[in-house]
Amino acid sequence: MIRTALASRPGRAGAALTAVTGIALLAGCAPTASEAEEPATTDTTESTDTGSTDAGSAGTGSYADGTYTADGSYATPESVETISVTVTLEGDVITDVEVTGDPQKRESEQYQGEFIGGIADVVVGQDIDDIQVSRVAGSSLTSNGFNEAIETIKAEAAS
């Protein structure tokens with residue numbers, strides 16, 4: 001029979017307190033929810049799709065007011081997913097956004113739902129040229145499809 005010696009009760013309580021304190025200190029280093037969900041305003045292109053190469057128009061466009069719809073797709077480890085994005089523009093500013101998805105996998109359904117629930121807070125009231133989302137409500141891959149759709153909408157609204 002193997003016997004192990006357990007730490008004394010005060011020793012275990014001290015270790016638990018130290019662990020909780022360490023976690024609390026590390027949590028202070030994480031970005032706040034609003035920092036993590038803000039759209040990136042840089043002119044860098046992270047997209048790997050080959051359909052959109054108009055990175056030079058960022059920040060310089062003038063777009064016709066109206067409501068525009070485009071699809072965007074993105075790859076997950078299990079599948080390729082597609083979302084539909086409808087944006088209303090007034091003076092180059094997004095005044096309304098609606099995203100609908102048709103998830104192929106259960107996990108995609110969860111992340112698309114989180115994205116759809118949080119995207120309006122991130123983009124409504126923003127200039128369309130400033131929109132380049134990277135993570136919304138914990139969903140990062142859905143952002144790729146959204147950004148692709150926004151590029152398509154920008155091209156349509158500029159013509």
What's the shortest heavy-atom distance between Ile153 and Val87, and which atoms?
CD1-CG2, 4.0 Å
Contact between Asp71 and Ile83 at the side-chain level, heavy atoms closer than 4.5 Å - yes or no?
no
Locate the shortest heavy-atom distance separating Gln104 from Ser79; write the atom from each residue and the value.
CB-OG, 4.2 Å
Can you check whether Glu107 reaches Thr76 side chain to side chain, under 4.5 Å on heavy atoms?
no
Counting only heavy atoms not in Tyr74 (residues, nucleotides, ligands), do more than 12 fall under 6.0 Å from its OH?
yes
Knowing that exactly one of Thr88, Thr95, Asp96 qualifies, which makes a side-chain hydrogen bond (donor to acceptor under 3.5 Å, both in side chains) with Thr67?
Thr88
Given side chains that start at C-beta, do those of Ile94 and Gln126 come closer than 4.5 Å, heavy atoms only?
no
Shortest non-hydrogen separation from Thr69 to Ser84 and the atoms involved
CG2-OG, 3.5 Å
Is the shortest distance from a Lys or Arg side-chain nitrogen in Lys154 or Glu151 to a carboxylate oxygen in the other one below 4.0 Å?
yes
Nearest 0.5 angstrom please: Ile128 CD1 to Glu90 CD, how far?
12.5 Å
Nearest-0.5 Å distance, CG of residue Leu141 to CG of residue Asn144
6.0 Å
Of all heavy-atom pairs linking Ile119 and Val136, the shortest is N-CG1, 3.7 Å
For Arg135, does its backbone N or O pair with a side-chain atom of Ser139 as donor and acceptor, under 3.5 Å?
no
Looking only at non-hydrogen atoms, find the nearest pair between Ser143 and Val133 and report the distance.
CB-O, 3.6 Å
Are Val80 and Val99 in one and the same hydrophobic cluster, where Ile, Leu, Val, Met, Phe, Trp and Tyr link if side-chain heavy atoms are under 4.5 Å apart?
no
With rounding to the nearest 0.5 angstrom, report the CG to OH distance, Leu89 to Tyr63.
9.0 Å
In the single-linkage hydrophobic clustering (I, L, V, M, F, W, Y; side-chain heavy atoms under 4.5 Å), do Val93 and Phe146 co-cluster?
no
Shortest non-hydrogen contact from Tyr68 to Ala157?
CZ-CB, 3.5 Å
Mind checking side-chain hydrogen bond (donor to acceptor under 3.5 Å, both in side chains) for Ser108 and listing every partner two or more places apart, or none if nothing turns up?
Glu81
Spatial distance of atom CZ (Arg106) from atom CD (Gln110) [nearest 0.5 Å]
8.5 Å
